[in-house]
**Q** 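Provided herewith is a single structure, encoded as C-alpha cells, for subsequent inquiry.
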Amino acid sequence: MTGYTMLRNGGVGNGGQPWVLRWSSRIRLTWLSFTLFVILVFFPLIAHYYLTTIDDADDAGKRIFGPRTGNELCEVKHVQDLCRIRESVSEELLQLEAKRQELNSEIAKLNLKIEACKKSIENAKQDLLQLKNVISQTEHSYKELMAQNQPKLSLPIRLLPDKDDATFPLPKSNRNCRLHNCFDYSRCPLTSGFPVYVYNSDDYPFGSSLDPLIKQAFEATVRTNVYVTENANIACVYIILVGEMQEPVMPKPTELEQQLHSLPYWRTDGHNHLIINLSRKSETQNFIYNISTGRAMIAQSTFYDAQYRPGFDIVVSPLVHAMSEPNFLEIPPQVPVKRKYLFSFQGEKIESLRSSLQEVRSFEEEIEGNAPADYDDRIITTLKAVQDSKLDFVLVEFTCKNQPKASLPTEWALCGEREDRLELLKLSTFALIITPGDTRLVISAGCTMRLFEALEVGAIPVVLGEQVQLPYNDVIRWNEAALIIPKPRITEVHFLLRSISDNDLLAMRRQGRFLWETYFSTSDNVFSTVLAIIRTRIQIPAAPIREEPAVEIPHRSGKAAGTDPNMADNGDLDLGPVETEPPYASPKYLRNFTLTAMDIYRNWNSAPGPFHLFPYTPFDPVLPSEAKFLGSGTGFRPIGGGAGGSGKEFQAALGGNVPREQFTVVMLTYEREEVLMNSLERLNGLPYLNKVVVVWNSPKLPSEDLLWPDIGVPIMVVRTEKNSLNNRFLPWDEIETEAILSIDDDAHLRHDEIMFGFRVWREARDRIVGFPGRYHAWDIPHQSWLYNSNYSCELSMVLTGAAFFHKYYAYLYSYVMPQAIRDMVDEYINCEDIAMNFLVSHLTRKPPIKISAGPLQVKVSATETSCCSQVGAATFPAEHPPSLQLWEGQESWNPIPSGADTRDSLSHLLHLRV
C-alpha cells in the first residue's frame, strides 16, 4: 500500500525505477507514431500500383477490378431475366425501325407520283391552252380570210406569150411612137418574167464592123443576164447591138437598114425590138439618124430632137469601162466636202452655133424663138469674170492645151486625156457641163462623158441647159445629184454654188456616187439598166432575188430540254406571251406589182436599185393606228383587243403597227457541241420563235451519237461549203420570217431580254437592234478611224453576235454588197459585224439600236470582234481598221453616225432602281 502510493505519487523506490518507466513509455509512443505514418503514406501508394497493374492484364480472367461482359453478369441469376427482357425489347425496336423505313420509302414514292401528276396536269393545262390558242388563231385567220377581198399574192407563176402577135394599128409616123401604139404588150404578160432574146451580131454583115471591146463586153454581159433566153418564140423584147462601129469599115445607112429589116423576128415594123448603139468615145456616130427603124426602140448616147421619142427611146451612158472593173480604191473620199476649186471647166468649141446655122441674128431675135439662142459667148465672159475676181478658186479653160477630142457641131470638145481630166475633177467641188449650143441636139456623147467622169470622182455636175435629156431621165431624179440650170442664169451660177450648204453638197455627192456605181460604172450595169428601164415602163416586176439553198445535216432529236434557272428568271416583267402561237411564216411577195407602179422613183433613186424583187423589205408602208380597227385588221393582234393593258394583256399579244409575226434564230457554231447544246436548251419555251437555223461552219460533221434537244420548234442544222463568217448572213431558204436573231453559240440572254429586243425591232425594222455595243472613234494623232471595244457611253455599232435584223439585209450583204468586203472578212476571219453595220447605216443613214441587258449581262466569246491582231482595247492607231478602210474605199465615206440609240427595258430599269 505504501509502495503503490509512492509510485503514484512519483516517489523513488528501489533506486532508479521511475526513470526507466518514463523512457520506455516515450519509445512506445514514437514507434506507434512512425508505424501509423508508414501505414497512412505507403499503403495507398501500394494499393494504387496494384490496381493499375493488375487491371491491365491481357487475360480477362485475371482481372479483379475491371469491367465484366454481359454474359458474366448474366451468370448471376437475377440478372439473366433482365438480359432476356433487353434482348426482346431490342428485337422489337429493330422491327419497328424497319417498318418505319419501309413506310418512309412508300411515302416518298407517293410524293413523286403526286409531283408527276401535278406536272402532268400543268402540262395538260398548257397543252389545252395552246390548243385553244391554235383554235382561236385559226378561227381568227379564217374570219380574216373570209372578210378580205384582196387575193393572197405570192411569187408570180410564169405566163408566156403565144407565137402569133396580136395586130394593132400603126401610128401615123414613127416619130409619134410611144409604148401604147408601138409596143406589143401581149408578148409581155405581167408574170412572163420578161424574157429577152439577143441576136448574135456575128450572124449579120454589120457585126464585123463593131468595136471589138464593146462587142466582147456586150456578149459577156448577155451570157450572165437572168432575163436572156435562147427561145425567141417566148421573148418579150428582141435586142440587137449595132454600135459603136469602126469608121473605116462602117456600112452604108441603106445597107444597115436593109440588114435590120431582114432580122428573123423583125415582123415588118420591128415592134418590141431594141437597137443598142453603145459608145466608148466622146463622139458617137449617130448613123441611126438616117435609118428607118420602124417601131423599134433606140438606146444610144446621142439624140437629136427630131429623132428622140420621150418614154420610148433610151439615153444610155457611155461604156467607159468596157472590159475592166473600175478601181474603187482610187476614187477620192467624199469628205472634205469642199475641195480646192469651187468649180472647173475645160473645153474648146470647134464650131459655133452661128456658123453651124450659117446665119447671123441678133440676140433678141434668137430669144423670140426664130432660132436657138447661143449663150456661149455670155457664158465665157461670165465665167472668166468669176475667175478674175478671185473670190473663190475656180478653173475655167476655153482652149485646150493639146489637140481637143473630136466632137459634134456646137458641142464643147473634151481636152486632154481621161486621167488628166479626172485629176482636175478630184480637186473640184462642182464640174460645169455646158450643153451644145444647138438645142436640137438634146444629148450628146460628149455631155454624157463629162457627166460620167464628174460622178465617178465626186464632182457635183452643174448642167447649163435645161433642155438636155440626161441618161435614164424618166426614172432617175437628177435634181438629187446634179444642178440643172438654164443658160440665161449664167450670171447667177456663182452665187448659187456658194450658197449650197455642206450637208446638201454631201447628199448630192453621195447620190451621184450611187447613180454612177449602179447604172454607169460597168458594161453589166449599163445593159442591166437598159433592160430595167423597159421592164419598168411596161410594169413587169424584177426577177426574184435568189435564196441560198440549205443543205441539212441529219441529226437525232428527242432529248428533253431543261430549263436554265438564269434563263427562267425573267425579272420583274414577263414580256413573252402566255399562249404560244404555232410556227407562222412571214407572208412573201405581197407587193410584186405595186413596187413597179408606186415605188418606181424610190427603187431607182435609192440602193440597191431596181434589179431585184425581194420577198419583203423593212421599208414597206405602215397603216395608221386606226386602220386595224376600221376594216384593215388582217393579221393584227392589238394589245387587249385595242383597249391596251399591262401584265396579262401585254403578254397575250404583240401589238405594234405591223401584223403578227415570229422570228428565226440563226446560230453560228464551230465544233463546240456541248456549248451549242446548252445554248439550244436555253431557247426552250422562247415565245414567238419560229425556227432555229444552226449554221455548222466546220467541215467536220457533228457526232453521230449527239442527241439534240427538243425545244418545241424545228432545229435545222445547215452545212456550209467553207468556214466563213459570211455564212452568218446568208439568206437561207429555211428562214421563213422577216426577223432574224443572229446569235453566237455562247451568248447568254434571258427570254425577257430577247422578247424586249424583238418588240423594239418591230418598231424599227430598218435598223439593227442588239445587245453588245461598240464604237468607232477618231484617232487624232493619225487622223484616221479606230475601232474600240471598251465600254463607253458613246456607241455606234452593235455586234451581230446577239442582234435582230431584217432578212432583207442578208440578201444585200450576200449578193449586192461588193465582193471585196466579203473577201476581207474571210481573210481576217472577223469584221463581219462591222460590215453589216456599215451596210445598214449606208442604206438608212441611221445608227443601230442598242438594247440594255438586265442583270445577267450578255456574254460574248473571248475573241472580241476586231479586224486584225488586237492589243489592249482593240484599237488601230497606225491606220484604219481594214474593214473601215475597205468600206471607205468601196463607198468613199463612213456611213455610221456616232451615237447609237439605246433602249432600256422596264425590267432592267426596275433592277437598277432596286
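Index from 1, following the sequence.
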**Q** Donor-acceptor pair, distance only, cut-off 3.5 Å: does the side chain of Arg637 make one with the backbone of Gly655?
**A**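 No, because the side chain of Arg637 does not come within donor-acceptor range (under 3.5 Å) of the backbone of Gly655.
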**Q** State, without any angle test, whether Gln662 and Thr737 hold a side-chain donor-acceptor pair at a distance under 3.5 Å.
**A**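 Side chains of Gln662 and Thr737: no pair found under 3.5 Å.
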**Q** Tell me whether the centres of the aromatic rings in Phe663 and Tyr688 are closer together than 6.0 Å.
**A**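 Here the rings of Tyr688 and Phe663 have centres that are no less than 6.0 Å from each other.
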**Q** Between Tyr616 and Ile735, what is the shortest heavy-atom contact and its length?
**A**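 Closest heavy-atom pair between Tyr616 and Ile735: OH-O, 4.3 Å.
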**Q** Can you tell me if Asn727 uses its side chain to pair, donor with acceptor, with the backbone of Ser724 under 3.5 Å?
**A**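 Pair found, side chain donor or acceptor close to backbone of Ser724.
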**Q** Donor-acceptor check, side chain of Lys850 to backbone of Phe771, threshold 3.5 angstrom: yes or no?
**A**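 Checked: pair present.
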**Q** Tell me whether Gln819 at atom CD has more than 12 heavy atoms from other residues, nucleotides or ligands lying less than 6.0 Å away.
**A**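 Yes, the 6.0 Å shell around CD holds more than 12 heavy atoms from other groups.
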**Q** Classify the side-chain pair Ser679/Arg682 by whether it contains a donor and acceptor separated by less than 3.5 Å.
**A**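 On atom types as modelled, these side chains qualify, holding a pair under 3.5 Å.
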**Q** Hey, is Arg719 close enough to Glu552 for a salt bridge, meaning N to O under 4.0 Å?
**A**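 Salt bridge flag = no for Glu552 with Arg719.
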**Q** Look only at the side chain of Lys700 and the backbone of Tyr670, and say whether a donor-acceptor pair between them is shorter than 3.5 Å.
**A**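 Checked: no pair found.
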**Q** Regarding Asn657 and Glu763, do their side chains bring together a donor and an acceptor under 3.5 Å, going by distance alone?
**A**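 Glu763 and Asn657 do have a side-chain donor-acceptor pair below 3.5 Å.
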**Q** Quick one: list whatever passes salt bridge (Lys or Arg N to Asp or Glu O under 4.0 Å) with Asp504, sequence neighbours left out.
**A**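 For Asp504 there are no salt bridge (Lys or Arg N to Asp or Glu O under 4.0 Å) partners, ignoring immediate neighbours.
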**Q** For Tyr584, does the six-membered ring have the charged nitrogen or CZ of Arg660 within the cation-pi criterion, i.e. under 6.0 angstrom from the centroid and within 45° of the normal?
**A**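 Yes - Arg660 lies over the ring of Tyr584, closer than 6.0 Å to its centre and within 45° of its axis.
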**Q** Ring centres of Phe805 and Phe729 under 6.0 Å apart?
**A**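 Yes, ring centres under 6.0 Å apart.
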**Q** For the pair Asn837 (side chain) and Val798 (backbone), establish whether a donor and an acceptor sit closer than 3.5 Å, ignoring hydrogens and angles.
**A**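 At least one qualifying donor-acceptor pair exists.
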**Q** Would you say the side-chain atoms of Glu673 and Ser703 include a donor-acceptor pair closer than 3.5 Å?
**A**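 A donor-acceptor contact under 3.5 Å links the two side chains.
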**Q** May I ask you to decide if Tyr813's main-chain N or O and Arg822's side chain share a donor-acceptor pair within less than 3.5 Å?
**A**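 Here the side-chain-to-backbone pair exists.
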**Q** Looking only at side chains, do Asp833 and Thr800 share a donor and an acceptor under 3.5 Å apart?
**A**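 The criterion, which ignores hydrogens and geometry beyond distance, is not satisfied for Thr800 and Asp833.
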**Q** Using modelled atom types and a 3.5 Å cut-off, is there a donor and acceptor pairing between side-chain atoms of Asp710 and backbone atoms of Gly712?
**A**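 Looks like yes, one N/O pair under 3.5 Å.
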**Q** Among residues at least two apart in sequence or on other chains, which ones pass ring-ring contact (aromatic ring centres under 6.0 Å, His included) with His612?
**A**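 In terms of ring-ring contact (aromatic ring centres under 6.0 Å, His included), with neighbours along the sequence ignored, His612 is linked to no residue.
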**Q** Do any N or O atoms from the side chain of Asn592 and from the backbone of Tyr589 form a donor-acceptor pair under 3.5 angstrom?
**A**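 Here the side-chain-to-backbone pair exists.
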**Q** So does Asp620 pair up with Arg765, basic N to acidic O under 4.0 Å?
**A**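 Result for this pair is no, no salt bridge flagged.
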**Q** Between the side chains of Tyr811 and Glu548, does any donor sit under 3.5 Å from an acceptor?
**A**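 Distance-only check fails for Tyr811 and Glu548.
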**Q** Between Arg762 (side chain) and Val658 (backbone), is there a donor-acceptor pair under 3.5 Å?
**A**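 Side chain of Arg762 to backbone of Val658: a pair is present.
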**Q** For Lys846 and Asp766, work out which heavy atoms get closest and say how close.
**A**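 The answer is NZ-OD2, 3.0 Å.
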**Q** Quick check: does any side chain N or O of Lys426 sit under 3.5 Å from a backbone N or O of Pro332, one acting as donor and the other as acceptor?
**A**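 Between the backbone of Pro332 and the side chain of Lys426 there is no qualifying donor-acceptor contact (under 3.5 Å).
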**Q** Carefully, step by step, assess Ile851 and Val760 under the rule side chain to side chain contact (heavy atoms under 4.5 Å, CB included).
**A** CA-CA 9 Å; Ile851 299 297; Val760 171; 3.8 Å; yes
